[in-house]
Amino acid sequence: MRHVGLLQHKYIIRIPSYLRITRTVATRIGASYFTTLHSHLITMKHQLNILKLIILIAIISAVITGCSKETPVSAPDPTTTGSIVLEFDNIAGDRQLELNSTVPYQNALGEKFSVTTFSYYISNIKLQTATGETYTVPQDSSYFLIKESDAASQKITLRNVPSLDYTSVSFTIGVDSIRNTMDIAKRTGVLDPANGMYWSWNSGYIFVKAEGSSASSSNGSFRYHIGGFGGITSQTINNIKSIIVPFGNSAATVRPTVKPEVHLLVDVLKIFNGTANVSITSNPTVMFTPYSTTIANNYRGMFSVDHVHND
Amino acid sequence: MKTKLQYSSLTLMPAQCVRASAVVLRVCTLILCSVLLVSCSDSVQNTLDTPTDVRLAVPSNFPPIRYNLAANQISTDGFILGRTLFYDGTLSRDGTVSCGSCHQQSSAFTHHGHDLSHGIDDKLGNRNSPPVMNLAWQPHFFWDGGVHDLDLFSIAPIENPVEMDEKLDNVLAKLRSSPKYRSLFAKAFGSEDISTSRFLKALSQFMLMCVSSQSRYDSFVRHEGAVLSERERLGRTLFSQKCGACHSTDLFTDFSFRNNGLEQRTPFDSGRARITLQHEDIGKFKVPSVRNIALTAPYMHDGRIRTLEGVLNHYRFGMKVTPNIDSFFIRQGKNPGIDMTDNEAQLIIEFLHTLTDTDFTTRRILSEQ
């Protein structure tokens, strides 16, 4: 049995800042209060304060205990397996992404827009440990379509994952060339062309689809359908992007009894903002054109890990 | 009516350097393939409305099939389902446009008389509707080759806003709610499950059977009785010399993408470059087969030429110096084109008429029932 040191620092997640104190600090506060308390015990007028204090201590303790990870985690053991959840939380800068939001978002060029569709493929997922071990999700189970319009699609559960302490995840944004060219009989589930993420006139999947409305566009809307796997008989653009997203100071401790949840943030603003800022006015519609590579290069930076729960 | 069929012979490949087990495996595969291709050699292609034994045969003057038949074995019930779908307007948004609307059997499965495809709400496409013909031999589809697999083809006209303007998932939903289709799918595939794959493969089964190989020319080259006149034979020689570099083999196309010096029009159609995004592919289109060419006017990717004489006149006098014009047409000291006298042009046209296959355009099992 051992503690996973990294994780003991994770108890302040999503606690309001005025409650962000460590257990040590909390104990010190409590002790000093009790010391002070003793000299005032005889004074009835302080009874109300004591009551308040007890309630305060109780609340602080409850909050700290509730969020701390004091439960020891068993040692990694790749002979056993567990599950891990990847949550894709779509955001727009410092706001949660909300489809058809009446309060517009704004890109780096100051153009205001709302989003009506935001969907993307995640595939070929691998998990890595700090010591160089890699777990590759079996190929046939490694294709996911994340849609902002479908909450259930935003949580991916990977099962039968070896019990290790994972520190990063890597994946492809889009669909590899093999899946872009294989027999239709094998294209089931999210790879079914009936899902609307497929170009019929130029066989291939749309990797990332972002649509919305914007006063900056001459026709009032923008439509970005980004794909391109490199072509079959003739070489053409390849927008398949593979990225690695580190978990930061956390590890995801997959165990038979621990199912970590990796909370990824996916920032739709990064479609517009990057090494080249995309103008809705200049490019209201981008599909299978050379400019699509600019958007693909931008959106490879839209993923980050916010935190990891090990529950 | 009985139709005589020809079959290609399969030859064993040298296997000296292959392990014995591999040889056995290969021989077994060949036997299986042979059974698939030859088992109907005693049968005849059924011409009744309700066929009993639908099989795809390889005419002996054709090259090998490109389509992967092993992944979609043609069955009579699969063919009937595909035919029903092909002629059903349910595949379009408002039920008015079927595949057969723009691919009419009497015109060798093209849209005769329409320069551009004519779809839903009387909308016009931007290209001339090509024939549904000998697709088992085609390595890619559309004028620009944007689709590489026949099974993936049908999604495009269904979802094109100016053709059928429907969504694939919606088509499937309509079919699933139809007792007739649930029954047809069950017959064809063993259960009522109506999936994207089954839907597309059934359509492929029908389209694969749209084989045109019974023209007078075919009968002549296969020594089945037909004769060509002296003028037609002269025309054949001239065609081979002047057109055969691109319209090669008995499929009469090499399936390459070429720029044939058509004047650029507005809106500009970049052709193959739409798929490859390569500058050198701008204005290139797939070389079409000239089988049944007398039935499929108008001509070129946008149907801009109305007659065969007009087509030959384009190659003789009308070609423009376009950026990617095919080197075949380059002539010293002259505009690009093909040297051809009036008489030669007339002989070539007479030969082209021998490629008309009335069996194909009237074969009952390919018709709307």
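Chain identifiers are assigned alphabetically (A, B, ...) following the order of the sequence lines, protein sequences preceding nucleic acid strands; residue numbering begins at 1 within each chain. Bear in mind the structure is a predicted one, so any value in this text is a computation, not a measurement.
- With a 4.5 angstrom heavy-atom cutoff, B:Ile275 touches chain A via backbone and side-chain atoms both.
- Contacts between B:Ile158 and chain A at a heavy-atom distance below 4.5 Å are absent for every atom of the residue.
- The 12-atom threshold is exceeded at NZ of A:Lys241, counting heavy atoms of other residues, nucleotides or ligands nearer than 6.0 Å.
- Annotation: B:Arg176, atom CZ; neighbour count of heavy atoms from other residues, nucleotides and ligands within 6.0 Å is above 12.
- The most heavy-atom pairs under 4.5 Å with chain B, out of A:Gly228, A:Gly204, A:Pro290, A:Ser203, come from A:Ser203.
- For A:Lys209, the NZ atom counts as densely surrounded, since its 6.0 Å shell holds more than 12 non-hydrogen atoms of other residues, nucleotides or ligands.
- At a threshold of 4.5 Å between non-hydrogen side-chain atoms, the residues B:Ser197 and A:Lys186 do not count as touching.
- Within 6.0 Å of atom NZ in B:Lys187, 12 or fewer heavy atoms from other residues, nucleotides or ligands are found, so the atom counts as exposed in its surroundings.
- For A:Pro193 against B:Leu168, the heavy-atom pair with the smallest separation is C-CD2, 4.0 Å.
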- Evaluate side-chain contact (heavy atoms from CB on, under 4.5 Å) for B:Asp149 paired with A:Ile184, printing each intermediate quantity in order. CA-CA 9 Å; B:Asp149 182 344; A:Ile184 184 65; 5.8 Å; no
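- Here the shortest heavy-atom pairing between A:Thr181 and B:His148 reads O-NE2, 3.6 Å.
- Of the two parts of B:Arg274, the backbone and the side chain both hold a non-hydrogen atom closer than 4.5 Å to a non-hydrogen atom of chain A.
- A donor-acceptor pair under 3.5 Å links the side-chain atoms of B:Gln278 to the main chain of A:Gln235, judged by distance alone.
- At least one side-chain heavy atom of B:Leu277 sits less than 4.5 Å from a side-chain heavy atom of A:Phe288.
- The nearest pair of heavy atoms linking A:Thr236 to B:Thr276 is OG1-O, 2.6 Å.
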- Message: Run B:Leu200 and A:Arg187 through side-chain contact (heavy atoms from CB on, under 4.5 Å) and show every step you take.
- Response: CA-CA 12 Å; B:Leu200 295 173; A:Arg187 299 176 187 232; over 6 Å; no
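- Within 6.0 Å of CZ on B:Arg182 lie more than 12 heavy atoms contributed by other residues, nucleotides or ligands.
- Comparing B:Asp151, B:Asn160, B:Asp281, B:Leu152 by heavy-atom pairs within less than 4.5 Å of chain A, the highest count is held by B:Leu152.
- Here the closest non-hydrogen pair linking A:Ser200 and B:Phe142 is O-CE1, 4.5 Å.
- Separation of atoms OG1 (B:Thr196) and OH (A:Tyr198) is listed at 10.5 Å; rounding is to 0.5 Å.
- Atom CG in A:Asn202 sits 7.5 Å away from atom CG in B:Asp144 (nearest 0.5 Å).
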